[in-house]
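These notes are about the structure you will find just below.
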Number of protein chains: 2
Amino acid sequence: MTMPSKSKVYEEVLKEIRRYIEFEGLSPGDKLPSERELAEQLNAGRSSVREALRAMELLGLIETRRGEGTFLSSYRPYHMVEILSAFILQESKTRENLKATKQIIEKEAAKIAMEQLETKDFEEFKKLIQSFEKGSETFHYDFFTVLFEAGENQLLQKIWRLMEEFSRTFHKPVYNIELYKSYIEALKEKNEQKIEELSSQFYDEENVEIS
Amino acid sequence: MTMPSKSKVYEEVLKEIRRYIEFEGLSPGDKLPSERELAEQLNAGRSSVREALRAMELLGLIETRRGEGTFLSSYRPYHMVEILSAFILQESKTRENLKATKQIIEKEAAKIAMEQLETKDFEEFKKLIQSFEKGSETFHYDFFTVLFEAGENQLLQKIWRLMEEFSRTFHKPVYNIELYKSYIEALKEKNEQKIEELSSQFYDEENVEIS
DNA sequence: GTAGGTTAGTGGTCAGACCACTTTTGTAAC
DNA sequence: GTTACAAAAGTGGTCTGACCACTAACCTAC
């Protein structure tokens, strides 16, 4: 590994892998070279390569399957969230920030999607509502995913998803199904005002903290 | 390492370290046991311990100093943010997404800050305007940093900063100083409507692409 | 052609060896 | 006793080689 001044090898490997992905135009699901091959090509030890890969795995960027190989994953920062949340979400200010930010994003996503929503999207909502269960863990997530898909801002969606997962670690959602019905109405009516109001209500008091 | 079913060793080490930190009541700055010691105590190989530590380092939870040791750090997810952004922004690099998202965040930051702004903040703005130079690369950044500081949502600020830095790689800002003056006026008047309008104008046409 | 075993490839893990660096220790000079 | 400096011990950084467990591809016998 050629070492730009003092960086650690594993950090260089990380960058190198990133370049490789970009250069080869790899997408989620595609296979990366094996650890041994990477080590040889990057002129680094396998352990260093592994440190980089492990870190990427924790970040949710790759997925490793023993006996098969290493694959690019669609971004699911599952591990990271789990680890990080235990460390950083103690501070209530962080939680406040998270809540506020998530709310902003959802509101804006709704406003963007509003103009794009088609009949099929409303049918999707209908299905969601019908199959709603009291104990569902992902209702809110699924609901807004429909909105994000319509809105076509993948960046905003990714940021939101990250926060959604974080907040799940300390909030147990208790859904008020009527609220979502009203929300859908507001979307149909393209009533920005109403959307703004309802967006904040998701976070007013219906969330109970996990002990 | 006692292996709960199938987890990987490094994940167990991670949890074990977390427990250790909690049990010992360690705070940022405190020293962790050495890699060799951890390996021995947890009955794992040093390389596995290292994989866990590297991951923690990337997440910004610890800091390692060669020759000295490993220390708990106050949470500064510097590396993570860097790595993640590179990947995420690379995937969804439609510039439209970036622009739209940044605009949303700035608008909301302004609305949040609006209620909090004090005299000293407006003086800060005044200084910025006075020292404005045509060729400044960071005027917009500095301007909004004042807003974010007042708003006290560090999470939103972090996200924004990321996008700001990234967009600099392909946008060369050309500032219309009058626009910022109007913006300040709108903030003084607490005129949400005006803020929304002006926020979008930053991105209307004044940005020139770098070839 | 199929079933079943063999083999090569891959990630998972460990042990041991150096290196570069920092801190501590020990010792000699003052 | 204090100081200065050299040696030693401790620590993270890295590489290598060796196994293990698992998967997929190949090949052979039927």
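Note that the structure is a prediction, hence the values are computed from the model and not measured. Within every chain, numbering begins at 1; the chains are lettered A, B, ... in the order of the sequence lines, protein sequences first and strands thereafter.
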dG13(D) base / R46(B) side chain donor-acceptor hit below 3.5 Å: yes
R65(A) (side chain) and dG12(C) (base): donor-acceptor pair under 3.5 Å: no
V49(A) or R66(A), whichever maps to the more 5' nucleotide of DNA chain D: V49(A)
In whole Å, what is the span from the [atom1] atom of [X] to the [atom2] atom of [N]?
{"X": "N43(A)", "N": "dG13(D)", "atom1": "CG", "atom2": "C1'", "result": "16 Å"}
{"X": "L32(B)", "N": "dG10(D)", "atom1": "CG", "atom2": "P", "result": "19 Å"}
{"X": "L58(A)", "N": "dG12(C)", "atom1": "CG", "atom2": "C1'", "result": "16 Å"}
{"X": "R54(B)", "N": "dC15(D)", "atom1": "CZ", "atom2": "P", "result": "14 Å"}
{"X": "L38(B)", "N": "dG10(D)", "atom1": "CG", "atom2": "P", "result": "16 Å"}
{"X": "E63(B)", "N": "dG12(D)", "atom1": "CD", "atom2": "C1'", "result": "13 Å"}
{"X": "E35(A)", "N": "dT16(D)", "atom1": "CD", "atom2": "C1'", "result": "15 Å"}
{"X": "L53(A)", "N": "dT10(C)", "atom1": "CG", "atom2": "P", "result": "13 Å"}

Selection from dT11(D), dC14(C), dT10(C) that lies nearest to any side-chain heavy atom of S47(B): dC14(C)
Closest to the V9(A) side chain, choosing from dG12(C), dT14(D), dC14(C): dT14(D)
Parallel, tilted or perpendicular: ring planes of F144(A) versus W160(A), cut at 30 and 60 degrees: tilted
Phosphate contact (dG12(D) OP1 or OP2) by T70(B) side-chain N/O below 4.0 Å: yes
Phosphate-side-chain proximity, R50(B) and dG13(D), N/O vs OP1/OP2 below 4.0 Å: yes
Results of side chain to side chain donor-acceptor pair (under 3.5 Å) for [X] - residues two or more places apart only:
{"X": "E149(B)", "result": "Q157(B)"}
{"X": "T138(B)", "result": "D142(B)"}
{"X": "S182(A)", "result": "none"}
{"X": "E35(B)", "result": "R46(B), R50(B), R54(B)"}

Sugar-phosphate, base or nothing in reach of G67(A), heavy atoms under 4.0 Å: base
Whichever of S48(B) and E68(B) has its nearest DNA chain C nucleotide further upstream toward 5': S48(B)
For nucleotides 4-8 of chain D, tabulate all protein N/O to nucleotide N/O atom pairs closer than 3.5 Å, reporting atom names and distance.
none

Ring pair (Phe, Tyr, Trp, His ring centres under 6.0 Å) pairs, two or more places apart, involving residues 100-134 of chain B: F125(B)-F143(B), F132(B)-F139(B)
Cationic N near anionic O, under 4.0 Å, E16(A) to R19(A): yes
